[in-house]
Amino acid sequence: MVGDVKMKKVILIKYGELTTKRGNRNFFVKKLTENLQHKLKNYEVKIVQDISRMYIEFLEKDLEKIEEIVQNTFGIYKYHNAYMVNTNRETIENELLNIAYEKNFHTFKIEVKRSDKSFPMKSLEYARVLGSIILKNIKDIKVDVHNPDIVFTVEIKPYQSYIYTNSIKASGGYPVGTQAKGMLMLSGGIDSPVAGYLAMKRGIKVDAVYFEALPHTSIEARNKVIDLTKKLVNYTDCIHLHIVPFTQIQEEIYKNCNPDYCITIMRRMMYRIMTLLAEKNKALVIINGESIGQVASQTLVSMNVINSVTNMPVIRPVACLDKLEIMDIAKKIDTYDISILPYEDCCTVFVPKHPVIHPRMDTCLKTEEMISYDSLINKCLDETFTIKITDNEEEEFKNLL
Ligand code: ATP
Ligand code: MG
């Protein structure tokens, strides 16, 4: 497919921050390549790597889709839409001029990087030649080496050279799978999908867990969580979504607890179940969408009392963000419109009038003595089922756990 042609568009990815990971660099680059290969599996592409960068060759009709995938792949900080040309002066100069004609700029700079030492001109000398060709052919522009509107970079290598302009920002982060697994508490709200996205950005592979309280909550609420998971799959290869039937525990809590403490106790139960599910699924952390001060269960006192039931680290990626900042990310990753659909989840169907803001540990412990929660939790785990959500198919494994 991608043979010797006069000019071909390619995507050029420089590893950037990944290259600061000295000892681990090969591991990070390998993961990034695997992740890209997986996402690009339905396209005719060729990925070429060298020590500090990667080139993706593709069919021009797929450019938009390929760029979207590059934008959504963590571990890529920026990329260039580059043009690959045969290494000879005439081709390079013609193509550079064609590219420049299409751009809108007043000031420019040319950078030449010559690694093919058989090329007849030195870098600086050739940059001047190319600059003068542009100046001669395009009106009302000038060179500015300090603060140009556009930089044309010409990399001269044996056989093929690359011409490209300013970089395009991508998602950054580390490739998903460079960290161990985390269990994401995924409700139908705005915050938890954003938390999942940010966790994956640090390279964490996530499984999602949804607590449902049928028939108090609806199948639509579950479908909403499935749809949110599908959005998150844009950033990874697949997500296992564990659905925990939580009705009986919730009903026991509401039968036995002071209403003000129901949410606190309910969340302590969720954390207990999360810990066991994490152990079962070889995950090392719990991730959720708690944001400090947002609701009664997210004051520092509440978090402390709730968190005390587990020794597992709990990561709260949106803990210090404002709601508006979280909403901006939700819009960017396209989960916002799903999150605002009005189906209630198990936290909203039983909301007490005055949930306690500063819960006491001894009150929680005393209340919990009235519920034989160990057996209820075990039953919950037995009845939990898992849906594997991949980029293009949905499989359901009953009692996989
Ligand atoms: P969100 O917008 O993500 O629903 P929230 O502001 O509504 O969050 P809470 O309902 O207090 O806050 O929940 C805090 C976090 O607990 C959620 O972000 C989510 O990670 C987790 N959580 C809440 N309800 C559920 C649920 N039914 N299933 C799984 N996780 C849940
Ligand atoms: Mg919620």
Side-chain angles (χ1 to χ4, degrees), residues 182-199 206-214 216-229 231-232 239-247 249-250 253 262-275 277-278 283 285-300 302-303 305-307 309-310 314-331 333 335-352 355-357 359 380 384 386-387:
M183 294 305 261
L184 168 68
M185 299 171 72
L186 187 62
S187 65
I190 295 171
D191 305 326
S192 48
V194 172
Y197 166 82
L198 292 174
V206 301
D207 269 21
V209 179
Y210 170 58
F211 292 84
E212 79 176 351
L214 291 172
H216 309 292
T217 60
S218 61
I219 281 294
E220 282 85 355
R222 180 200 290 182
N223 288 337
K224 189 175 155 182
V225 174
I226 292 175
D227 287 344
L228 288 170
T229 312
K231 291 287 178 191
L232 292 180
I239 296 179
H240 287 89
L241 170 64
H242 308 279
I243 299 186
V244 182
F246 200 49
T247 316
I249 292 191
Q250 272 199 303
I253 294 171
C262 282
I263 295 273
T264 312
I265 305 288
M266 185 187 81
R267 296 194 65 76
R268 282 164 63 89
M269 296 300 172
M270 282 185 173
Y271 270 52
R272 289 184 172 107
I273 293 171
M274 286 303 297
T275 308
L277 273 175
V285 292
I286 295 168
I287 301 153
N288 67 35
E290 290 173 348
S291 179
I292 299 163
Q294 204 185 82
V295 290
S297 62
Q298 293 166 24
T299 63
L300 289 191
S302 281
M303 280 186 186
V305 168
I306 292 165
N307 207 150
V309 302
T310 183
V314 180
I315 296 179
R316 302 172 174 87
V318 301
C320 298
L321 299 187
D322 289 337
K323 193 74 189 186
L324 286 177
E325 293 170 316
I326 301 171
M327 281 160 60
D328 278 348
I329 302 175
K331 285 175 189 162
I333 64 172
T335 52
Y336 183 79
D337 288 340
I338 302 172
S339 292
I340 58 173
L341 294 171
Y343 311 114
E344 296 208 279
D345 91 337
C346 71
C347 290
T348 49
V349 280
F350 296 108
V351 182
V356 60
I357 292 172
C380 240
T384 293
T386 302
I387 305 174

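One-based numbering along the sequence shown. Numbering of ligands and ligand atoms starts at 1, following listing order.
- Contacts of E212 with ligand 1, taken as heavy-atom pairs under 4.0 Å, are absent altogether.
- Distances from atom 12 (O) of ligand 1 to the heavy atoms of H242, R222, Q298, E290 show the closest one on Q298.
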Legend entry - side-chain contact (heavy atoms from CB on, under 4.5 Å) assessment of M303 paired with R267: CA-CA 10 Å; M303 280 186 186; R267 296 194 65 76; over 6 Å; no

Legend entry - Derivation and outcome, side-chain hydrogen bond (donor to acceptor under 3.5 Å, both in side chains), residues R316 and N307: CA-CA 12 Å; R316 302 172 174 87; N307 207 150; 3.0 Å; yes

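- Residue-to-ligand polar distances keep G188 apart from ligand 1: every N/O pair is separated by 3.5 Å or more.
- Of all atoms in ligand 1, listed by their number and element, those nearer than 4.0 Å to a heavy atom of N288 are 20 (O).
- Partners of D191 by side-chain hydrogen bond (donor to acceptor under 3.5 Å, both in side chains), not counting sequence neighbours, listed by chain and number: Q294, K323.
- Checked by distance only, ligand 1 and M270 stay at 3.5 Å or farther apart across all their nitrogen or oxygen atoms.
- Checked by distance only, ligand 1 and I287 stay at 3.5 Å or farther apart across all their nitrogen or oxygen atoms.
- Taking all heavy atoms of R316, R267, M274, K323 into account, the minimum distance to atom 16 (O) of ligand 1 is reached by R267.
- Using a 4.5 Å heavy-atom cutoff, the side chains of H216 and T247 are in contact.
- The proximity of L186 to ligand 1, defined as any non-hydrogen pair under 4.0 Å, is limited to the backbone.
- For the residue pair T386 and H242, a side-chain donor N or O sits within less than 3.5 Å of a side-chain acceptor on the partner.
- Looking at heavy atoms from C-beta onward, M185 lies in side-chain contact with Y271 at the 4.5 angstrom threshold.
- Remark: ligand 1 and G289 share an N or O pair separated by less than 3.5 Å (distance only, no angle test).
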Legend entry - side-chain contact (heavy atoms from CB on, under 4.5 Å) between I273 and F211, intermediate numbers included: CA-CA 10 Å; I273 293 171; F211 292 84; 3.9 Å; yes

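- At under 3.5 Å, not a single nitrogen or oxygen of Y210, backbone or side chain, sits near a nitrogen or oxygen of ligand 1.
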